[in-house]
Amino acid sequence: MPLILAPLVSIWLAAAALALKLLPPAVYPTPNGTPTLLNAFLGTAGKWQVLAFTIMILLLSMLIYYPFVNSSCNREISKEAARLV
């Protein structure tokens, strides 16, 4: 579920920010292998707003994943506890 939800939310927020002209579009190509956090930042000639938006999207994606990862960890802990008893 988070594999579908996190990218969808990220894409929708980025599209809305571009449509509302809150962020500039990327106009410069970036080399292959550029870290994800720097890709959009370098592509927009170093606009700090884009870097802040990218970090916000990363944190939002982490919030989307957290309940699923936490639930999975709790299930594994319960299985391990049941196996030891």
Side-chain angles (χ1 to χ4, degrees):
M1 185 69 161
L3 289 172
I4 296 171
L5 188 60
L8 280 177
V9 170
S10 300
I11 290 169
W12 287 339
L13 287 175
L18 287 170
L20 295 172
K21 303 210 185 298
L22 297 174
L23 297 175
V27 292
Y28 299 111
T30 55
N32 288 340
T34 303
T36 303
L37 287 176
L38 296 177
N39 203 1
F41 179 69
L42 294 175
T44 57
K47 301 287 183 187
W48 67 269
Q49 298 94 337
V50 176
L51 182 60
F53 184 78
T54 304
I55 292 170
M56 183 197 71
I57 291 292
L58 175 64
L59 293 174
L60 182 64
S61 295
M62 290 168 63
L63 281 174
I64 290 171
Y65 267 87
Y66 180 76
F68 296 96
V69 172
N70 191 28
S71 174
S72 177
C73 287
N74 287 340
R75 255 186 276 126
E76 289 299 320
I77 290 170
S78 297
K79 283 182 188 176
E80 186 68 28
R83 194 176 61 129
L84 291 176
V85 172

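Start at 1 with the first residue, then count along the sequence.
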- request: Can you sort out the partners of Pro2 under side chain to side chain contact (heavy atoms under 4.5 Å, CB included), two or more places apart, ordered by chain and number?
  value: Ile64, Tyr65, Phe68
What donor-acceptor contacts under 3.5 angstrom involve side-chain atoms of residues 43-51, with partners at least two apart or in another chain?
from: Thr44; atom 1: OG1; to: Ala40; atom 2: O; distance (Å): 3.0
from: Thr44; atom 1: OG1; to: Phe41; atom 2: O; distance (Å): 3.2

message: Once salt bridge (Lys or Arg N to Asp or Glu O under 4.0 Å) is applied, do any residues pair with Arg75, and if so which ones, sequence neighbours excluded?
response: none
task: List in chain and number order the residues that pass side chain to side chain contact (heavy atoms under 4.5 Å, CB included) with Asn70, two or more places apart in sequence or in another chain; answer none if no residue qualifies.
output: Tyr66, Asn74
- prompt: Checking side-chain contact (heavy atoms from CB on, under 4.5 Å) for the pair Leu60/Leu13: CA distance, chi angles, key distance, verdict?
  reply: CA-CA 11 Å; Leu60 182 64; Leu13 287 175; 3.4 Å; yes
message: So, taking the atom named CG in Leu59 and the one named OG1 in Thr54, what distance separates them when rounded to the nearest 0.5 Å?
response: 11.0 Å
- prompt: Can you name the residues that form a side chain to side chain donor-acceptor pair (under 3.5 Å) with Glu80, not counting sequence neighbours?
  reply: Arg83
Sequence neighbours excluded and cut-off under 3.5 Å, please list the side-chain donor-acceptor pairs for residues 21-38, or say none.
from: Thr30; atom 1: OG1; to: Asn39; atom 2: OD1; distance (Å): 2.4
from: Thr34; atom 1: OG1; to: Pro31; atom 2: O; distance (Å): 2.6

Leu18 reachable from Phe53 in the ILVMFWY side-chain graph, under 4.5 Å edges: yes
field: same_hphob_cluster(Leu5, Met56) at 4.5 Å side-chain heavy-atom cutoff
entry: yes
